[in-house]
Amino acid sequence: MPNSVQNNIDKFEFPINLGNEDEVVQWISDITSKDENTIRENLRKEFEQSGANVVEAFSESKLEPYTWSKGLVEFYEKTDAFIYELVLWNRNSIKRRMRSYISKYINEHEGNGKNVLCVGDGLGFDSFYFAQKGQNVTYYEVEGFSHRFASRLFSPTEGAIKVASKPEEIQKDNFDVVVCLDVLEHVKDVEAFIKQLVSFIRPGGILIVHAPFYMIHPSNPTHLKENRKYSGNLEIYRKFGLSLINGKFFWNPLVFEKVVGEQKHKTQLSTWGNIAIKLGGLYLSLGRFSTLPFLWIDSYRKSHNRWFEEKE
């Protein structure tokens with residue numbers, strides 16, 4: 001990252017304090033035009049049950065859950081329900097640990113000043129965080145309330161974080177790192193989407209991905225049942241020239257390198273690390289057939305939710 005751009009990031013802290021309820025409520029009110037009491041109620045509902053606002057809005061839409069449709073696309077564009085989910089998710093310690101792990105991984109294995117594309121980054125907190133850690137970041141998200149929130153988040157950085165809302169706005173073979181978290185379980189054509197992600201990565205660059213395909217659960221009506229077949233499946237990445245080089249047991253996340261021609265991949269997995277990922281894959285593959293092995297996840301996620309700081 002050029003020094004002038006990095007300085008723009010360094011001199012700005014996050015323009016919103018996610019621990020301050022009043023501040024968060026004001027931001028959401030500015031973006032959605034909802035009254036503050038409604039926003040506070042929605043945030044409380046989200047804290048008590050992850051996905052509650054999306055579930056309620058989805059029910060009102062009369063759409064078929066877990067199924068792709070044009071109506072689903074419109075739902076993503078028009079609902080503000082995801083804002084509440086994403087605010088609480090970005091305060092959740094599970095999410096914060098994953099973001100920290102990814103940032104540390106990029107800095108240690110790829111270095112600073114790398115071109116990083118954050119795909120489906122919602123409210124933009126991952127993008128801002130990686131930029132603060134020295135990366136040259138592009139945020140990519142479809143237009144809607146989350147995109148508006150992120151654009152406001154980035155406004156103090158004076159253009160240091162680039163913003164895209166369409167794939168044609170993203171340069172091919174340009175990125176050292178593409179980060180795609182909790183997106184693939186939502187998309188109509190997973191393999192086409194992965195192929196597109198790979199096209200953004202330079203040869204030798206990496207993809208960092210997390211995709212809970214197995215989470216076909218009442219709290220996630222926008223996850224597609226058709227995509228369950230990919231749970232615990234590495235082949236969908238390998239077929240597009242991606243080689244697994246690192247990752248965690250529960251695949252949260254996995255790290256792949258884009259290998260071209262006779263290029264040797266830079267595996268960083270020990271024998272035990274490789275075994276752990278394979279065992280994790282076996283467990284995740286159960287999600288192709290049943291949700292029962294994963295019913296604990298919703299309550300586990302809820303147990304790691306964090307409410308706002310107490311007012312003095």
Donor-acceptor side-chain pairing of Q49 and D298 below 3.5 angstrom
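Indeed, the side chains of Q49 and D298 share at least one donor-acceptor pair under 3.5 Å.
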
For N115 and Q171, run side-chain contact (heavy atoms from CB on, under 4.5 Å): C-alpha distance rounded to whole Å, both residues' side-chain angles, the deciding distance at 0.1 Å, then the answer.
CA-CA 11 Å; N115 290 334; Q171 187 175 341; over 6 Å; no

Identify every side-chain donor-acceptor pair in residues 210-217 under 3.5 Å, counting partners at least two apart or on other chains, and give the distances.
residue, atom, partner, partner atom, Å
H210, ND1, D182, OD1, 2.6
H217, ND1, S219, N, 3.0
H217, ND1, S219, OG, 2.9

Using modelled atom types and a 3.5 Å cut-off, is there a donor and acceptor pairing between side-chain atoms of N305 and backbone atoms of S50?
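Looks like no, no N/O pair under 3.5 Å.
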
Expected output: side-chain S231 to main-chain R228 donor-acceptor under 3.5 Å:
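No, S231 side chain to R228 backbone: no donor-acceptor pair under 3.5 Å.
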
Can you tell me how far apart [atom1] ([X]) and [atom2] ([Y]) are? Round to the nearest 0.5 Å.
{"X": "Q132", "Y": "T157", "atom1": "CD", "atom2": "OG1", "result": "10.0 Å"}
{"X": "K239", "Y": "E235", "atom1": "NZ", "atom2": "CD", "result": "7.0 Å"}
{"X": "S243", "Y": "I206", "atom1": "OG", "atom2": "CD1", "result": "12.5 Å"}
{"X": "F154", "Y": "F149", "atom1": "CZ", "atom2": "CZ", "result": "10.0 Å"}
{"X": "K248", "Y": "M98", "atom1": "NZ", "atom2": "CE", "result": "8.0 Å"}
{"X": "Y66", "Y": "H223", "atom1": "OH", "atom2": "NE2", "result": "10.0 Å"}

Any ring-ring contact (aromatic ring centres under 6.0 Å, His included) pairs touching residues 87-107, not counting sequence neighbours?
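Pairs touching residues 87-107 that pass the test: Y105-H109.
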
Non-hydrogen atoms of [X] and [Y] that approach each other most closely:
{"X": "H147", "Y": "V142", "answer": "CB-O, 3.4 Å"}
{"X": "S290", "Y": "L292", "answer": "OG-N, 3.0 Å"}
{"X": "Y129", "Y": "S103", "answer": "CE2-CB, 3.5 Å"}
{"X": "N107", "Y": "N112", "answer": "OD1-OD1, 2.6 Å"}

Applying side-chain contact (heavy atoms from CB on, under 4.5 Å) to Y237 and V198, what does each step give before you reach the verdict?
CA-CA 9 Å; Y237 304 104; V198 172; over 6 Å; no

Measure up the [X] and [Y] rings against each other and bin them: parallel (under 30°), tilted (30 to 60°), perpendicular (over 60°).
{"X": "F294", "Y": "Y283", "result": "tilted"}
{"X": "F175", "Y": "F200", "result": "perpendicular"}
{"X": "H304", "Y": "Y300", "result": "tilted"}

Any chain of hydrophobic side-chain contacts (each under 4.5 Å) joining [X] to [Y]?
{"X": "L234", "Y": "I236", "answer": "yes"}
{"X": "W251", "Y": "L279", "answer": "yes"}
{"X": "I31", "Y": "F14", "answer": "yes"}
{"X": "F125", "Y": "W307", "answer": "yes"}
{"X": "F289", "Y": "L282", "answer": "no"}

Among L123, I16, D30, the one residue meeting side-chain contact (heavy atoms from CB on, under 4.5 Å) with R152:
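Output: one option passes, namely D30.
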
Taking side-chain contact (heavy atoms from CB on, under 4.5 Å) as the criterion, tell me which of P167, S127, C180 meets it with Y140.
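With Y140 as partner, side-chain contact (heavy atoms from CB on, under 4.5 Å) holds for just one option, P167.
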
The test is side-chain contact (heavy atoms from CB on, under 4.5 Å); show your working for V190 and L224 and say whether it passes.
CA-CA 10 Å; V190 172; L224 302 183; over 6 Å; no

Evaluation steps, side-chain contact (heavy atoms from CB on, under 4.5 Å), between Y230 and E185
CA-CA 9 Å; Y230 297 117; E185 64 274 16; over 6 Å; no

Expected list for residues 78-86: side-chain donor-acceptor pairs under 3.5 angstrom, two or more places apart:
residue, atom, partner, partner atom, Å
T79, OG1, A81, N, 3.1
D80, OD2, K34, NZ, 2.6
Y84, OH, N42, ND2, 3.4

State whether [X] and [Y] are salt-bridged, where the test is any N-O pair (Lys NZ or Arg NE/NH1/NH2 against Asp/Glu carboxylate O) under 4.0 Å.
{"X": "E74", "Y": "K70", "result": "no"}
{"X": "D173", "Y": "K258", "result": "yes"}
{"X": "R44", "Y": "E48", "result": "yes"}

In this structure, which one of K114, Q135, R202 forms a side chain to side chain donor-acceptor pair (under 3.5 Å) with D176?
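Only one of K114, Q135, R202 forms a side chain to side chain donor-acceptor pair (under 3.5 Å) with D176, namely R202.
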
Option from R99, R96, K133 for which salt bridge (Lys or Arg N to Asp or Glu O under 4.0 Å) with D126 holds:
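For D126, the salt bridge (Lys or Arg N to Asp or Glu O under 4.0 Å) test succeeds with only one of R99, R96, K133, which is R99.
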
